[in-house]
Amino acid sequence: MIELIPAALKDEILPGEFIIPDALKVKSDFELSLLNLERDDNGKLIIHKDDCSDKEGYRLEVNENSINIYAGEEIGAYYALQSLRQISRYELGSRTVPCCKISDKPRFKWRGLQLDESRHFFGKEEVKRLLDMMFMMKLNVFHWHLTDDQGWRIEIKKYPLLTEIASKRDFTHIGGWGSRKIKNEPYSGYYTQEDISEIVDYAAKRGIMIVPEIDFPAHCAAAIAAYPWLACREIKTEVPGYFGGIIPEKVFHIKDWNRTICAGKDKTMEFVFDVIDEVCSLFPAPYFHIGGDEAPKDEWKKCPCCQQKMKEQNLKNEEDLQGYFNNLIFSHLKEKGKRLIGWNEILAAGNLDKTVIAQYWTPKRDKNAERHVNTGGNMILSNHQAFYFDMPYGQYSLKNTYNYTPENFGVNKENVKNVMGVEGENWTEWTDGREKLDLMLYPRVQALAEVAWSPAEKREWNNFKKRLDNFKDYFNLMNINYAVDKVSMPAGVFNRLKINRLFRNGDTYFEVKLNKEYRSKGEK
Ligand code: ACM
Ligand code: ZN
């Protein structure tokens with residue numbers, strides 16, 4: 001068995017091994033600025049530019065005398081080096097590579113991971129650490145959730161209050177959706193435009209495209225607190241410090257926090273375009289995520305401007321008003337050569353352009369999403385049950401992610417071709433730092449990578465488990481707080497129910513504590 005995650009398309013172990021010299025030298029047709037090895041025409045590591053059927057694909061051949069990599073583009077060569085890194089286990093102290101032949105390319109072109117930095121802000125170094133692991137796992141899209149109700153995290157020069165006001169909140173809800181507790185401390189953070197460019201560049205060097213998500217028309221409470229005229233009713237509100245849930249709303253008596261921006265006022269539309277223009281200038285990706293999920297329509301129903309717009313445009317209901325609003329953004333993005341992505345709720349509008357990209361997340365099956373992908377629409381799959389990494393393992397165990405199959409979520413077999421790929425979501429309402437982020441992510445990211453990269457026929461749970469056991473040496477080397485098997489695959493239905501109950505109403509750190517206890521006892 002070749003020790004590699006994600007598993008390659010084709011691999012074969014051959015007799016013999018290559019002994020890694022003290023100073024391995026490289027002869028390369030590519031520049032490969034991240035490869036820190038001396039260049040030499042007689043180097044034993046030889047990287048050839050060669051036609052490859054896929055731009056991210058590669059071949060890797062190891063014999064007793066040399067290591068040969070063949071790739072059409074630099075990223076393919078980097079992926080071959082990532083495979084070599086795992087096969088050799090050099091960082092873990094090994095000085096040999098088994099002779100082998102690998103021919104590899106990705107299953108999906110969109111292999112994504114998302115991070116919500118609104119609910120909690122992690123900062124540049126943490127993001128770079130995440131990008132490093134994505135590179136190792138051959139993941140190539142970082143979906144950066146930069147704005148939401150609880151904080152706006154990207155500098156927009158034309159609207160300075162987005163950082164002066166909207167990036168700060170007075171307190172933070174803790175303890176889960178059913179909890180009444182708050183942490184009564186101010187919380188803030190944002191990226192300057194220079195920070196953003198630094199991260200975009202860091203990611204690009206690793207073959208990772210960053211897709212920004214700036215939410216419209218809902219999940220805008222922070223922006224509305226900064227610029228109250230964005231909403232239908234212009235009233236003073238704060239950046240909310242709580243994350244929703246029925247009990248807290250009753251306890252905190254906070255009204256008017258969950259409002260959409262107005263879809264009828266020209267000034268609001270001008271704001272949306274101005275923000276999009278500045279954000280697009282920072283991100284070269286040909287995609288832009290507008291969120292679009294969970295948009296309550298009650299403000300629009302009572303707003304004279306929204307109602308006037310509906311009459312003017314002959315729209316039959318408020319869903320179609322969101323469709324109209326999204327179509328305006330769609331056209332604006334199209335002029336910039338970018339495609340609009342939105343969460344699957346946006347498909348409820350009857351008038352929405354069919355060439356939008358939908359991201360399917362809802363825990364409940366959605367007929368509109370399934371119709372979209374089965375009639376030629378493009379889709380990214382992030383179904384809750386498999387890819388919501390913020391949920392406890394007690395609810396969605398590691399196996400849910402590993403065994404993910406689009407066909408089980410309404411994508412007809414012949415329409416899997418419309419699927420751009422898969423993506424894991426890291427919402428951070430209940431994750432406030434590295435220790436828990438690591439636990440929620442790892443080893444789910446390894447399972448995600450295999451769903452995203454490896455051919456479906458090759459995925460096999462027991463085989464993955466064995467490779468994962470060996471991969472845990474890297475988690476330890478990198479000081480990553482991964483979930484041990486007893487946490488990532490919790491046994492017993494009562495145990496799982498207990499974990500879920502605690503998560504919702506009291507202790508969102510239960511699995512972190514349990515994991516620490518297991519690790520202190522030597523569990524892997
Ligand atoms: C979402 O989780 N509301 C996209
Ligand atoms: Zn309105």
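Ligands are counted one by one from 1 in listed order, and the atoms in each one are counted from 1 as well. Below, each value reflects all heavy atoms present in this structure, side chains not excepted, and no hydrogens, waters or symmetry copies. We're numbering straight along the sequence, starting at 1.
Ranking protein heavy atoms by distance to atom 2 (O) of ligand 1, first place goes to Tyr388 OH, 2.6 Å.
Residue Asp293 has at least one heavy-atom neighbour below 4.0 Å for each of these atoms of ligand 1: 1 (C), 3 (N), 4 (C).
Note on Cys305: not counted as a metal contact of the Zn ion (ligand 2), no N/O/S atom lying under 2.8 Å.
For His145 and Glu117, the side-chain atoms include no donor-acceptor pair closer than 3.5 Å. Residues Gln307 and Glu318 bring a donor and an acceptor atom of their side chains to less than 3.5 Å of each other. Under 3.5 Å, the side chains of Tyr187 and Gln150 contain no donor-acceptor pair of N or O atoms. Side chains of Asn378 and Arg339: a donor-acceptor N/O pair is present below 3.5 angstrom, by distance only. If you check the side chains of Trp300 and Thr260, you find a donor sitting under 3.5 Å from an acceptor.
Here the Zn ion (ligand 2) is the vertex; the SG atom in Cys262 and the SG atom in Cys303 give an angle of 110° (to 10°). Here the angle centred on the Zn ion (ligand 2), running from SG of Cys306 over to SG of Cys232, is 110°, rounded to 10°.
Only the side chain of Glu294 comes within 4.0 Å of ligand 1, counting heavy atoms alone; its backbone N, CA, C and O stay farther away.
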